[in-house]
Structure formats: structure tokens, C-alpha cells
Amino acid sequence: QVQLVESGGGLVQPGGSLRLSCAASGVRFVVWGWYRQAPGKQREWVAGVSSSGITDYADFVKDRFLLSKDTTKNTVYLQMNSLKPEDTAMYYCFVGPPVTWGQGTQVTVSS
């Protein structure tokens with residue numbers, strides 16, 4: 001059974017940075033990435049990386065967020081820079097197919 005363990009969320013001031021981590025049990029995946037969900041809004045895709053290392057980002061995080069993968073640790077990282085209050089959300093790691101979700105980690109951007 002696939003298990004995902006997320007960490008790295010927290011409270012940060014606007015303009016600050018956070019790094020989220022998502023560690024997976026030892027199964028190879030085709031796609032790995034992050035979604036987020038703000039209160040009262042639908043879950044939205046943030047970024048993803050394929051098994052070949054190709055990354056893609058939602059327009060609202062391009063040039064601010066960086067997704068990387070450490071295959072030796074079976075972990076992906078989401079480096080989030082220049083954070084804005086509108087980035088406040090629960091961030092969920094996912095892998096697939098089939099899609100498996102992490103438990104989520106809260107990111108709050110506020111002064």
C-alpha cells in the first residue's frame with residue numbers, strides 16, 4: 001500500500017519562503033506533485049513532475065515555486081518563494097497512477 005508523508009507547512013509572512021516535502025513508500029510513480037485547496041474553494045493543481053523529470057507548474061506559481069525530486073530518498077520537494085496571502089491553503093501531495101493523496105499540510109501566509 002502506498003503511503004505519503006508530508007511536512008514543511010506553517011505560518012509565514014508575505015514574501016517569505018517555505019519548503020514542503022513529500023516522502024513516499026518505495027514504489028515508482030509516473031507522476032508526482034501537489035494540489036492545494038483554500039477554504040471555500042475547489043482543489044487546484046499546483047505543480048507536477050514526471051518519472052522522466054519533466055516538471056510543470058500552474059501559471060499562478062510559475063517563477064515562484066520550484067518542484068524537485070530526490071529519487072534516492074523517494075521524496076519530492078516544493079520550494080515556495082515570494083509567498084502571497086492568496087497562497088494560503090492546505091497543500092496535498094499526490095502520486096500516481098492510480099492517484100494516492102497525502103494527508104495535507106497547511107500553509108498560511110499572513111502578516
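The shown structure was predicted, so the numbers you read here are calculated from the model rather than taken from an experiment. Positions are given from 1 along the sequence.
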Taking atom CD of E86 as the centre, does the number of heavy atoms from other residues, nucleotides or ligands within less than 6.0 Å exceed 12?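 Atom CD in E86 is crowded, with more than 12 foreign heavy atoms closer than 6.0 Å.
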Looking at E44, I want to see if its CD is surrounded by more than 12 non-hydrogen atoms of other residues, nucleotides or ligands under 6.0 Å.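 Buried by this count: over 12 neighbours within 6.0 Å.
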Going by heavy atoms in the side chains, are [X] and [Y] under 4.5 Å from each other?
| X | Y | result |
| --- | --- | --- |
| M80 | L78 | yes |
| L18 | L83 | yes |
| T105 | Y92 | no |
| Y57 | V46 | no |
| W32 | C93 | yes |
| N74 | S25 | no |
| E6 | Q103 | yes |
| T88 | V107 | no |

Would you confirm whether the ring centroid of Y35 sits within less than 6.0 angstrom of the ring centroid of F94?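 Yes, the ring centres sit under 6.0 Å apart.
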Quick check: W34 with F65 (ring centres under 6.0 Å apart)?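 They do not qualify: ring centres at least 6.0 Å apart.
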[X]-[Y] co-clustered via ILVMFWY side chain contacts under 4.5 Å:
| X | Y | answer |
| --- | --- | --- |
| L20 | Y77 | no |
| V99 | M90 | yes |
| V5 | V95 | no |
| V49 | F60 | yes |

With a 4.0 Å cut-off, would you call K62 and D59 a salt bridge?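 Salt bridge between K62 and D59, a charged N being under 4.0 Å from a carboxylate O: yes.
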Set of residues satisfying salt bridge (Lys or Arg N to Asp or Glu O under 4.0 Å) with respect to R43, sequence neighbours excluded: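 Listed in chain order: nothing, the list is empty.
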Considering all heavy atoms of both residues, which atom of [X] and which atom of [Y] are nearest to each other, and what is their separation?
| X | Y | value |
| --- | --- | --- |
| S82 | S17 | N-OG, 4.4 Å |
| L67 | G48 | CD2-C, 3.3 Å |
| S111 | P14 | N-CD, 3.7 Å |
| R64 | D87 | NH1-OD2, 2.7 Å |
| S21 | T75 | CB-CG2, 4.4 Å |
| R36 | A89 | CB-CB, 3.9 Å |

Will you find, in the side chains of S110 and T108, an N or O donor that is under 3.5 Å from an N or O acceptor?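 Their side chains do not contain a donor-acceptor pair, so the 3.5 Å distance test is not met.
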